[in-house]
Amino acid sequence: MATRTEIKRDAVARAQELRATRRARRAELKAMEPQERRAAKAADKRAARQTRKAATAERKEARAGMTRAERREDRRRARIDRKVEHRPRRAVGWGITAVAVIAIGGLVAPFASAFGRLMTIEYDSSSPAGVAARENAAQVSEDISDEGIVLLKNQDDLLPLAEDDLNVFSFASFNLILGGGGSGGSNQSQAVTFYDALAEQGVTVNPELKATMEEAGAETSTGGGNGLLQIASSMLSPAEGEPAPDYLTDDVMAQAAEFSGTAVVVIGNDGVEGSDMSAEQLRLTDEQRALFDRVTASFDDVVVVVNSGNQMELGFLDECPQIKSAVWIGTPGPRGAVSLAKVLTGDVNPSGRLTDTYAYDVTSAPAIANVGDFDYANTKRAYMDYEESIYVGYRYYETRYAGDEAGYAQAVQFPFGHGLSYTTFAHEATAPRVEGDTISIDVTVTNTGDVAGKDVVQVYFSAPYTPGGIEKSAIELAGYDKTAMLQPGESETVTVTFDVRDMASWDTEGHGAYLLEAGTYQVSVRTDVHTPVAQFDHVVAEDVVYATDADTGAELTNRFDYVEGDLTYLSRADWEGTYPQAPEAGAMASDELLARMDPQIEPAEGQTPTYGADNGLVLADLAGLDHDDPQWEEFLDQLTLDEQVDLFAKGAYRTHAVDRLGIPAMDLLDGPAGLNSLFSPLEAAAYPTQIVVASTWNDDLARALGESVGTEANAYGIEGWYAPGMNLHRTALGGRDFEYFSEDPHLSGKMSAAMVSGAESKGVLTFMKHFALNEQEVNARSGVNVFVDEQALRELYLKPFEITVKEAGPTGAMSSFINMGGVWAGANEQLLQDVLRGEWGFEGVVSTDAVLGAWMDPGLAARYGNDLMLAMLPGSDKATKAAVDEDPVGVGNALRDRVHTVLYTVLQTNLFD
């Protein structure tokens, strides 16, 4: 068998010969008259098509007599031929991108001094440890995409494929969307294409059909790049939609039908930081509908691949009887195509489950009424009302249509938690055991089918509801677990445990605490949120008020009345009368709201901090000491005011170092799908996005991702990771839904806690984000005011963060751009001090998101618990110094506290190992 080097050498020689022939032919054509040249080009195309057809037939005939090893070798040669042949085109693309980066560099010249510090950061990823980390990451990435793919539909058991020949349609098939854009993006330069992945699985894709699409303009991009390269690439090469399928002539379709009776069509869209989706973007375009019309007219067996991090409207899957199967792959990372090919061929039995409700109409979600651009008439600030209250995702659909199966069937296509398998499972559940404050339920899962597979056990509860009382969803996820790989006939018993108090609801009106109301609760085991397999009653004899936090003992009370605003919130007691309505133009911010947006604070009285003392301490002397050890005061006295300002205000990506006191800088990088450097080249591993991680319903895989990133960060000398993202999929329109886990807070929290535990086990500081209410991109960067009732805030939007703090002990958090009822999250005392640190016991450092607006006031941040300013642009240090000058006692002592927390956290990283 030839070595890869030998094959590549042969391929290069053939490619050079082919290019020489092409250059000569171009010279001949150039010398012709225009009319003659057009005729010659047409003749060349016909000849090329005939040559390809003959070569395909010849290769197919030759492969028929080959052994499996010989076929694999032949495919290997073909892949290398293709890569070598197209290499110059890829190089040109990178050249153009480089020019764009230079142009962007010119645009940011006025901020050169601010960016200069960041642009000089370099990382060496070539060490043996770095190489080994990336190799391990590739396997972790593939493991996640293997289990994250969801089989939505499989009529007549069309999948796995019964034959090795396959037609693949759509320009989208050439460039699967493997990740999102922005800080949550990742380097996809090592990604495997869908066509190469199918070839590796022994699938022969119709070469004539592929060539036809290439002649029509389809081409594979190299992907890759991060930081400014990603931004420049998106500017120069915006994503193009599917073109009209005019290239699929009758002859093309006849050849395809003769080649194989099965067709695969890929559809999808990609989200990006900074903008949200429109409903139209989540529907088929006219061109895609024309493509499906063309394909379904020629094929009775059609497979659809849904390549999107947002819920798309998929009603067409029901409308076309020829579409027998559909798989959702989300945005599955660099090994996603490999996993998809393995699922299609049956090498992997899909075990993913949806993390969102798929409605036939994405605008049927009540929150849609309040997604958009709504501005006050008397201030530049925008606003967003969460009038749907707790009724987000399945909490709305399962409650609104409780007892109305016909209505539910018209509204919901695929329920939360839905996912099929190539095998079947039986479930046997025992009655729940109540032991003290916990409920446990054992579920025995048996593989009753013919192939090995994994199953997800989902446990839900339903609480009693009194019309006019506390709002309650008809059902909520209580817990879940995933089996090991079960062989046919094999069984496994899994135990799902949750706290009794998890069934309580936040009682804003009555107690300002969690209330477990007396009545009969139903605990059910389900295959998805809508399909029970076992149900049990649990009786609560009398009301139970949980007035203190279960873990810290801190007192619970209403803290966010000003965030509720003067709104009518959706109630299941009166769906029609309380259903959210789009705001009317001309809304005016009240004087009270304006005051919260621009608070006037009197300077504090008392002692100013000590600066510049000489106590002979360096930071290493404090290693191992508690946060409140008295020696910290002696150390902090040594810092000058300027040093404290720099430590607080220059917190973007690389924190400030103070060499004289032994304070090193920490390097902090984006993002949830792999380490992502905005300002410098970095060859780093990429992973599936968080929605795919969550769709595995496998905490161990989420933990493995965190461990993998932590190991890689250690290899590159990176101390912190701006991840994971745990805002909710409030609607299908969220531009960063790919970067967040789910519409459900429990699933989001468990996945986040697992990722954080993995990274923190490697000594890497993790910044769970964006705390809080960053469910949309529209106006987020202009400091949008969000209004939400405290019940929804606590039960939905804060819950993933609470779970993560209590189960994983993160050392970092990132506050959001959002203004909560007029108060910026990064300067919100109730959020950062009372809840995060007070109720939950968080002991880490809080960073802002990128400092992009005047409302992100460093003086307020220092006062109310935000420890680092993620400031890339100049001015944050000057604003901090000005705030201290105006209030040397209040801001001065607050700044000292912030620096104290930062330095304590530095000691928890690997910098002092």
Side-chain angles (χ1 to χ4, degrees), residues 149-161 167 169-170 172-173 242 245 261-269 277 279-330 340 343-344 350 352-365 368 393-394 396-398 400-401 404-422 424 526-531 695 729 731-733 743:
I149 290 177
V150 180
L151 181 62
L152 298 173
K153 176 180 180 178
N154 199 24
Q155 184 180 337
D156 299 335
D157 293 331
L158 176 58
L159 293 179
L161 298 170
N167 293 295
F169 291 89
S170 77
S173 65
E242 194 73 30
T262 305
V264 168
V265 183
V266 179
I267 62 168
N269 52 52
M277 295 282 187
E280 282 302 311
Q281 288 176 287
L282 301 177
R283 296 167 179 150
L284 290 186
T285 64
D286 291 341
E287 291 78 9
Q288 287 173 322
R289 287 196 174 276
L291 175 63
F292 276 110
D293 288 343
R294 196 81 178 104
V295 172
T296 55
S298 298
F299 294 90
D300 290 330
D301 292 332
V302 178
V303 179
V304 174
V305 176
V306 181
N307 180 199
S308 173
N310 293 69
Q311 302 110 283
M312 295 184 67
E313 291 185 4
L314 302 177
F316 69 93
L317 298 178
D318 300 339
E319 298 165 4
C320 302
Q322 297 88 348
I323 299 177
K324 302 286 182 62
S325 299
V327 292
W328 176 91
I329 64 170
L340 173 59
V343 165
L344 294 177
R353 301 292 185 266
L354 294 177
T355 68
D356 297 294
T357 302
Y358 272 65
Y360 283 106
D361 177 4
V362 295
T363 67
S364 64
I368 290 291
Y394 73 78
Y396 170 68
Y397 293 102
E398 298 297 326
R400 179 68 183 266
Y401 296 104
D404 180 8
E405 282 301 309
Y408 184 87
Q410 288 182 337
V412 176
Q413 184 174 18
F414 299 116
F416 172 86
H418 170 78
L420 304 177
S421 172
Y422 294 152
T424 55
R526 297 177 177 239
T527 56
D528 59 54
V529 71
H530 197 69
T531 310
S695 69
H729 301 165
T731 72
L733 308 185
E743 68 186 21

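With contacts defined as side-chain heavy-atom distances shorter than 4.5 Å, the pair Leu282/Gln311 does not qualify.
Within the 3.5 Å criterion, the main-chain N or O of Val266 finds a donor-acceptor partner in the side chain of Ser170. Proximity of a side-chain donor or acceptor of Lys153 to a complementary backbone N or O of Ile323 within less than 3.5 Å is detected.
The distance from the CD atom of Glu313 to the CD atom of Gln413 is 9.5 Å, given to the nearest 0.5 Å. For the atom pair CG of Asn307 and CD1 of Ile329, the computed distance is 4.0 Å after rounding to the nearest 0.5 Å. To the nearest 0.5 Å, atom CG of residue Asp528 and atom CD of residue Glu398 are 8.0 Å apart. Atoms OH and CH2, from Tyr358 and Trp328 in turn, are 6.0 Å apart once rounded to the nearest 0.5 Å. Atoms CG and CZ, on Leu291 and Arg289 in that order, are 12.0 Å from each other to the nearest 0.5 Å. Atom CZ of Phe316 sits about 4.5 Å away from atom CG of Leu284, to the nearest 0.5 Å.
Under the 3.5 Å distance criterion, with hydrogens and angles disregarded, a donor-acceptor pair is assigned to the side chains of Thr363 and Asp361. Checking Asn269 against Ser308 by side-chain atom types alone, a donor-acceptor pair falls below 3.5 Å. With no hydrogens or angles considered, a side-chain donor-acceptor pair links Ser364 and Tyr397 at under 3.5 Å.
Residue Asp300 places its CG atom among 12 or fewer non-hydrogen atoms of other residues, nucleotides or ligands, all under 6.0 Å distant.
When each of Asp301, Leu420, Leu344 is checked for a side chain to side chain contact (heavy atoms under 4.5 Å, CB included) with Leu159, only Leu344 meets the rule. Looking at Asp356, Thr731, Thr355 one by one, the single match for side chain to side chain contact (heavy atoms under 4.5 Å, CB included) with Glu743 turns out to be Asp356.
Of all the heavy atoms in Gly261 and Phe299, the pair that sits closest is O-CD2, 3.6 Å. Taking both residues in full, the closest heavy atoms of Val305 and Val264 are given as CG2-CG1, 3.9 Å, listed atom of the first, atom of the second, then distance. For Ala411 against Tyr401, the heavy-atom pair with the smallest separation is CB-CE1, 3.7 Å. Contact record, Met312 with Ile267: CE-CD1, 4.1 Å, taken as the closest heavy-atom pair. Between Leu151 and Tyr422, the shortest heavy-atom distance links the atoms CD2-CE2, 3.7 Å. When all heavy atoms of Ala732 and Val362 are compared, the closest pair comes out as CB-CG1, 4.0 Å.
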**OP:** Evaluate the criterion side chain to side chain contact (heavy atoms under 4.5 Å, CB included) for residue pair Leu158 and Val302; output intermediate values, then yes/no.
**Re:** CA-CA 9 Å; Leu158 176 58; Val302 178; over 6 Å; no
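Using cut-offs of 30° and 60° for the angle between ring planes, the His530 and Tyr408 rings count as parallel. Relative ring orientation between Tyr394 and Phe416 is described as tilted, the plane-to-plane angle lying within the 30° to 60° band.
For Ser421, the side chain to side chain contact (heavy atoms under 4.5 Å, CB included) partners at least two apart in sequence or on another chain are Asn349, Thr423, Phe425. In this view, Glu242 satisfies the side chain to side chain donor-acceptor pair (under 3.5 Å) rule with no residue, not counting sequence neighbours.
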